[in-house]
Visitor: 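Before anything else, here's the structure in question.
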Protein chains: 2
Amino acid sequence: MSDYFTPGQVAERFGLTLDTLRYYEKAGLLREVERAPSGHRRYRTDDVELLHLVRCLRDTDMPIARLRDFAELVRDGDHTIPDRLEVLQSHQHHLNARIAELRERQDTIQHKIDHYLGVLAENPAPDERPLPPPGSGPAPETASAGEGS
Amino acid sequence: MSDYFTPGQVAERFGLTLDTLRYYEKAGLLREVERAPSGHRRYRTDDVELLHLVRCLRDTDMPIARLRDFAELVRDGDHTIPDRLEVLQSHQHHLNARIAELRERQDTIQHKIDHYLGVLAENPAPDERPLPPPGSGPAPETASAGEGS
DNA sequence: ATGCGACCTGGAGTGCGCTCCAGGTCAAGC
DNA sequence: GCTTGACCTGGAGCGCACTCCAGGTCGCAT
């Protein structure tokens with residue numbers, strides 16, 4: 001029932017390396033972590049919770065610099081909650097926009113896929129050509145008119 | 001009615017810099033572009049179309065290396081269409097997964113936002129406090145029990 | 001003839017986010 | 001006492017995707 005976590009445990013839990021964990025601390029994404037007498041870090045529940053959010057924001061591409069600003073707000077105390085809200089909400093908006101963009105791009109890519117499928121359908125490769133009508137001779141070379149991009 | 005585009009036109013159209021355009025060419029994302037006698041590049045419709053797709057794939061975070069492979073397939077001719085399809089389809093799957101992940105993370109972030117909103121609601125900042133019930137005295141200091149992360 | 005703007009080249013530089021490393025300490029187990 | 005494994009430090013290095021730069025050419029307008 002330890003009320004702290006070792007670096008190894010935290011790294012494991014969040015799928016980070018020890019190096020990254022230390023890097024985050026140095027970069028100001030976590031408050032300075034407590035130490036055991038040996039000098040080894042001891043992560044508290046608070047640290048782990050903040051790290052959870054940090055991880056979440058990093059995974060959604062918030063830059064380190066912005067994360068540092070956020071972490072600073074957290075360190076500055078409860079009166080910064082409105083500011084933190086603003087950071088998180090603006091990030092949500094950003095994510096909405098990003099998701100919408102990805103979807104749009106997916107549509108474009110899908111058009112290209114459909115185009116290729118169409119090309120294959122009228123001009124299938126030998127090993128996946130549907131059975132030719134019985135009695136037909138050997139297939140002629142299917143000359144395609146250049147690269148349709 | 002020119003049947004080609006200048007670097008400036010292409011850059012403008014796709015929101016790229018001339019440097020990036022040249023970088024893409026050097027990196028093998030485009031085939032080698034034709035030149036005017038002056039040595040200036042002349043982009044054909046084909047180039048522009050490929051660039052459109054390249055842009056689309058880059059915007060959705062396909063790495064340059066993978067894009068180069070794809071462009072190579074395009075250069076290699078129509079028989080690579082099944083391979084190109086595989087690249088595009090696997091990218092679509094990747095995008096589906098990415099979008100799903102972003103949504104999940106959004107949920108987590110939203111929980112945090114709601115949490116902060118809750119804190120603000122029970123403990124509003126002075127300048128946004130709802131009117132107190134009539135007859136109440138000055139508000140006591142609202143001591144919060146530490147950082148709720 | 002001069003100036004201008006668009007473009008050319010090869011190569012160096014930048015910013016980000018890690019990642020790796022050498023050399024060291026500490027606690028526990030054999 | 002010695003080894004092992006987890007961790008420590010400061011600092012260098014890396015991969016990616018650009019981005020910038022110096023010095024040059026070309027064609028056109030004044």
Side-chain angles (χ1 to χ4, degrees), chain A residues 2 4-44 47-48 51 53-71 91 94 98 101 105, chain B residues 2 4-44 47-48 50-51 53-72 91 94 98 101 105:
Chain A
S2 57
Y4 61 79
F5 303 87
T6 67
Q9 288 168 337
V10 174
E12 159 95 43
R13 174 143 160 193
F14 291 107
L16 299 170
T17 66
L18 295 178
D19 272 323
T20 303
L21 219 42
R22 283 190 288 260
Y23 167 73
Y24 280 0
E25 186 180 342
K26 240 191 275 185
L29 273 50
L30 274 42
R31 71 146 167 262
E32 273 204 20
V33 176
E34 287 176 44
R35 301 304 179 103
S38 64
H40 290 194
R41 287 174 178 78
R42 294 285 104 108
Y43 293 87
R44 297 276 170 180
D47 299 315
V48 171
L51 188 54
L53 184 56
V54 162
R55 185 57 160 139
C56 201
L57 295 171
R58 267 304 296 146
D59 282 350
T60 53
D61 299 323
M62 182 178 288
I64 298 286
R66 199 159 166 71
L67 266 162
R68 177 178 39 242
D69 294 346
F70 182 81
H91 189 60
H94 167 78
R98 179 64 179 151
E101 190 194 353
R105 299 286 179 269
Chain B
S2 58
Y4 60 79
F5 303 87
T6 67
Q9 289 168 337
V10 175
E12 159 94 42
R13 173 143 160 194
F14 292 107
L16 298 169
T17 66
L18 295 177
D19 273 322
T20 302
L21 219 44
R22 284 190 287 260
Y23 167 74
Y24 281 0
E25 187 180 342
K26 241 190 275 185
L29 271 50
L30 274 43
R31 71 146 169 263
E32 271 204 22
V33 176
E34 285 175 48
R35 300 304 179 102
S38 64
H40 290 196
R41 287 175 178 78
R42 293 287 103 109
Y43 293 86
R44 298 275 169 179
D47 299 316
V48 171
L50 179 51
L51 189 54
L53 185 55
V54 161
R55 185 55 160 140
C56 199
L57 295 172
R58 267 304 297 146
D59 281 350
T60 53
D61 298 325
M62 183 179 287
I64 298 285
R66 199 161 167 70
L67 267 163
R68 177 177 39 240
D69 294 347
F70 182 81
E72 215 164 290
H91 189 59
H94 167 77
R98 178 64 178 150
E101 191 194 352
R105 299 285 179 270

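Since this is a predicted model, take the numbers as computed values, not measurements.
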Visitor: Would you mind reading off the distance between L21(B) atom CG and dC8(C) atom C1', rounded to a whole angstrom?
Guide: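 Spelled out: CG on L21(B) to C1' on dC8(C) is 13 Å.
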Visitor: Could you tell me whether R42(B) contacts a base, only the sugar-phosphate backbone, or nothing, with contacts defined as non-hydrogen atoms closer than 4.0 Å?
Guide: nothing
Visitor: Is there a donor-acceptor pair under 3.5 Å between the side chain of R66(B) and the backbone N or O of F70(B)?
Guide: no
Visitor: When you look at CD of E72(B), are more than 12 heavy atoms from neighbouring residues, nucleotides or ligands closer to it than 6.0 Å?
Guide: yes
Visitor: CD of Q9(A) versus C1' of dA6(D): gap in Å, rounded?
Guide: 12 Å
Visitor: When the distance from CG of L16(A) to P of dC7(D) is rounded to whole Å, what number comes out?
Guide: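 Answer to the nearest Å: 14 Å.
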Visitor: To the nearest Å, give me how far apart CZ (R66(B)) and P (dA17(D)) are.
Guide: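 After rounding, the gap between these two atoms is 13 Å.
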Visitor: Whole angstrom is fine here: how far is it from NE2 in H40(A) over to P in dC26(C)?
Guide: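 These atoms are roughly 9 Å apart.
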Visitor: For the pair made of CG in D59(B) and C1' in dA17(D), what is the distance, rounded to whole Å?
Guide: 13 Å
Visitor: Between the protein and nucleotides 17-21 of chain C, which nitrogen or oxygen pairs are less than 3.5 angstrom apart?
Guide:
from    : atom 1 : to     : atom 2 : distance (Å)
dG17(C) : OP1    : I64(A) : N      : 3.3
dG17(C) : OP2    : I64(A) : N      : 3.4
dC18(C) : OP2    : Y24(A) : OH     : 3.1
dC18(C) : OP2    : R58(A) : NE     : 2.8
dC18(C) : OP2    : R58(A) : NH2    : 3.2
dC20(C) : N4     : D19(A) : OD1    : 3.2

Visitor: So is R13(B) actually on top of F5(B)'s ring, under 6.0 Å and inside 45° of the axis?
Guide: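 Output yes; distance and angle both within limits.
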Visitor: Checking the side chain of R55(A) only, and the main-chain atoms of F14(A) only, is there a donor and an acceptor separated by less than 3.5 Å?
Guide: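 Checked: pair present.
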Visitor: Nearest-Å distance, CG (L18(B)) to P (dC18(D))?
Guide: 15 Å
Visitor: Distance check: side-chain N/O of R41(A) vs OP1/OP2 of dT9(D), anything under 4.0 Å?
Guide: yes
Visitor: Looking only at atom types and distance, does a side-chain atom of R68(B) sit under 3.5 Å from a main-chain N or O of A27(B), one as donor and one as acceptor?
Guide: yes
Visitor: Would T6(A) and H40(A) count as a side-chain hydrogen bond (donor to acceptor under 3.5 Å, both in side chains) if you check the C-alpha gap in whole Å, the side-chain angles of each, and the deciding distance to 0.1 Å?
Guide: CA-CA 8 Å; T6(A) 67; H40(A) 290 194; over 6 Å; no
Visitor: Please determine whether a side-chain nitrogen or oxygen atom of T6(B) lies at a distance below 4.0 Å from atom OP1 or OP2 of dC7(C).
Guide: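 Indeed, a polar side-chain atom of T6(B) lies that close.
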Visitor: Report yes if the side chains of E34(B) and R44(B) come closer than 4.5 Å at any heavy-atom pair, otherwise no.
Guide: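 E34(B) vs R44(B): side chains touch.
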Visitor: Would you mind reading off the distance between Y43(A) atom OH and dC8(D) atom C1', rounded to a whole angstrom?
Guide: 11 Å
Visitor: Want to settle it: does K26(A) or S38(A) sit nearer the 5' end of DNA chain D, counting the closest nucleotide to each?
Guide: S38(A)
